[in-house]
Each structure stands twice: as C-alpha cells, then as structure tokens.
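Comments concern the structure below.
As the structure is a computational prediction, the values presented were derived from the model and not from experiment.
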Amino acid sequence: MPKAKGKTRRQKFGYNVNRKRLNRNARRKAAPRIECAHIRHAWDHSKSVRQNLAEMGLAMDPNKAVPLHKRKANSMEMDVERPKELVRKPYVLNDLETEASIPEKKGNTLSRDLIDYVRYMVENHGEDYKAMARDEKNYYQDTPKQIRNKINVYKRFYPTEWQAFTDSLQKNKMEVE
C-alpha cells in the first residue's frame, strides 16, 4: 500500500519549540472548564476535587452527604453524628443560594404569526371552530380541534392580552348593534 506523501522522512527534534509552554497548554486543555463562575473563582488547583468541594460546603457524593438509614438495621443503634467538615469558603454557597433564589424569567413565547392567526380567527368566527377550519387563512389545514388548542395556548400564555382582546370584541359588537 502506498504511504501518505510527506510521511516517509524521519522525524527531527524541534529545538525552537518551548516545551514548558506546550505542556502547560496541554494541561490546561485536558482539565475541564468549570462552568459555574462562583466555583471556578474559588477553586484551588493544588487540591483534589473532594477537598475543594468540602471547603466550599458542597458535597461530591450526595449519597454520603445525606445517607439514607435502613429502618431495621438502625432501629437498635443510635445515630452517631460525624463531625462536620470545616467550611472555609462559605461565600460560594451563599452566592449559589442567592442565584438559585432568583425567579427564572419566562423565556418561551408564541410566534407573532400564531398570535395574528388566533386573533384573526376569533375576530371573524368567534367560537365557531368548524368555520375557522374552512377559512381561507387556515393555510396549514388545521382541524377544528387543533385550532381550539391553539386558541387555548394563546389564552394560557397571554391571559391579560386575551381578556383585553375579548373585551374589545364585546365593545365592537355592542357598537354595531
């Protein structure tokens, strides 16, 4: 079998390569990046993972941190409490708790097209889902049940807007009569 071009000559030592920098970069790439900024800033690379987490007040193994006691085996024995490990970096735990206590922003919304579609259907047809299914704007040929579900999703996502929309429809209906 033929060999790849350029692979036949013997390897030469690269004198102009900084081996110290090469090894340091290789070690840095091999170590995983800690995503949590609070833990990453408090991390001590000279200590083990277990020691680092214990200093921060975190547990490496949740089964050992909060052990489950078997009822029959421990019914005769008294619970002996182990001495707690010293938490040297409590600020990490406090930062994580404050970050977790912040309520999560509602990130999911409906598309503008779906909102316009639902409003158009309700304006023109009211609660008649069969008529909505026959409407020419029903491009995706949704069934009456699918249209009803889309309207219910809109009601769930935007209850205040839905209420204002139905109120404006009632006003328009009263003005026409």
Could you check if a side-chain atom of [X] sits within less than 4.5 angstrom of a side-chain atom of [Y], using non-hydrogen atoms only?
X: Glu97; Y: Leu93; value: yes
X: Glu35; Y: Arg40; value: no
X: Leu58; Y: Ile39; value: yes
X: Ile151; Y: Ile147; value: yes
X: Met132; Y: Lys137; value: no
X: Trp162; Y: Val122; value: yes
X: Val92; Y: Cys36; value: no
X: Phe165; Y: Arg119; value: yes

With a 4.5 Å cut-off on side-chain heavy-atom distances among I, L, V, M, F, W and Y, is there a chain of contacts connecting [X] to [Y]?
X: Leu96; Y: Val49; value: yes
X: Tyr140; Y: Tyr117; value: no
X: Val87; Y: Met60; value: no

Set of ring pair (Phe, Tyr, Trp, His ring centres under 6.0 Å) partners for Tyr15, sequence neighbours left out:
Phe13
Check this for me: does any side-chain nitrogen of one of Glu55 and Lys47 sit under 4.0 Å from a carboxylate oxygen of the other?
yes
Please round to the nearest 0.5 Å and tell me the distance separating atom [atom1] of [X] and atom [atom2] of [Y].
X: Gln146; Y: Gln141; atom1: CD; atom2: CD; result: 10.5 Å
X: Gln163; Y: Lys155; atom1: CD; atom2: NZ; result: 10.0 Å
X: Arg24; Y: Leu22; atom1: CZ; atom2: CG; result: 10.5 Å

Here the pair of heavy atoms bringing Lys150 nearest to Val118 is O-CG2, 4.0 Å
Work out which heavy atom in Ala131 is nearest to a heavy atom in His125; give both atom names and the distance.
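Of all heavy-atom pairs spanning Ala131 and His125, the closest is CB-ND1, 3.7 Å.
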Can you name the salt bridge (Lys or Arg N to Asp or Glu O under 4.0 Å) partners of Arg112, sequence neighbours left out?
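By the salt bridge (Lys or Arg N to Asp or Glu O under 4.0 Å) rule, Arg112 matches Asp116.
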So does [Y] get a backbone contact from the side chain of [X], meaning a donor-acceptor N/O pair under 3.5 Å?
X: Asp95; Y: His38; result: no
X: Asn52; Y: Ser48; result: yes
X: Lys89; Y: Ala42; result: yes

For the residue pair Asp113 / Ser111, report whether a side-chain donor-acceptor contact shorter than 3.5 Å exists.
no
Using side chain to side chain contact (heavy atoms under 4.5 Å, CB included) as the criterion, list what pairs up with Leu110, not counting sequence neighbours.
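Result, side chain to side chain contact (heavy atoms under 4.5 Å, CB included) vs Leu110: Leu114, Ile115, Val153, Tyr154, Phe157, Tyr158.
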Report the C-alpha distance between Trp43 and Met56 in whole Å, list the side-chain angles of each, state the deciding distance to 0.1 Å, and finish with yes or no for side-chain contact (heavy atoms from CB on, under 4.5 Å).
CA-CA 9 Å; Trp43 197 265; Met56 294 177 208; 3.7 Å; yes
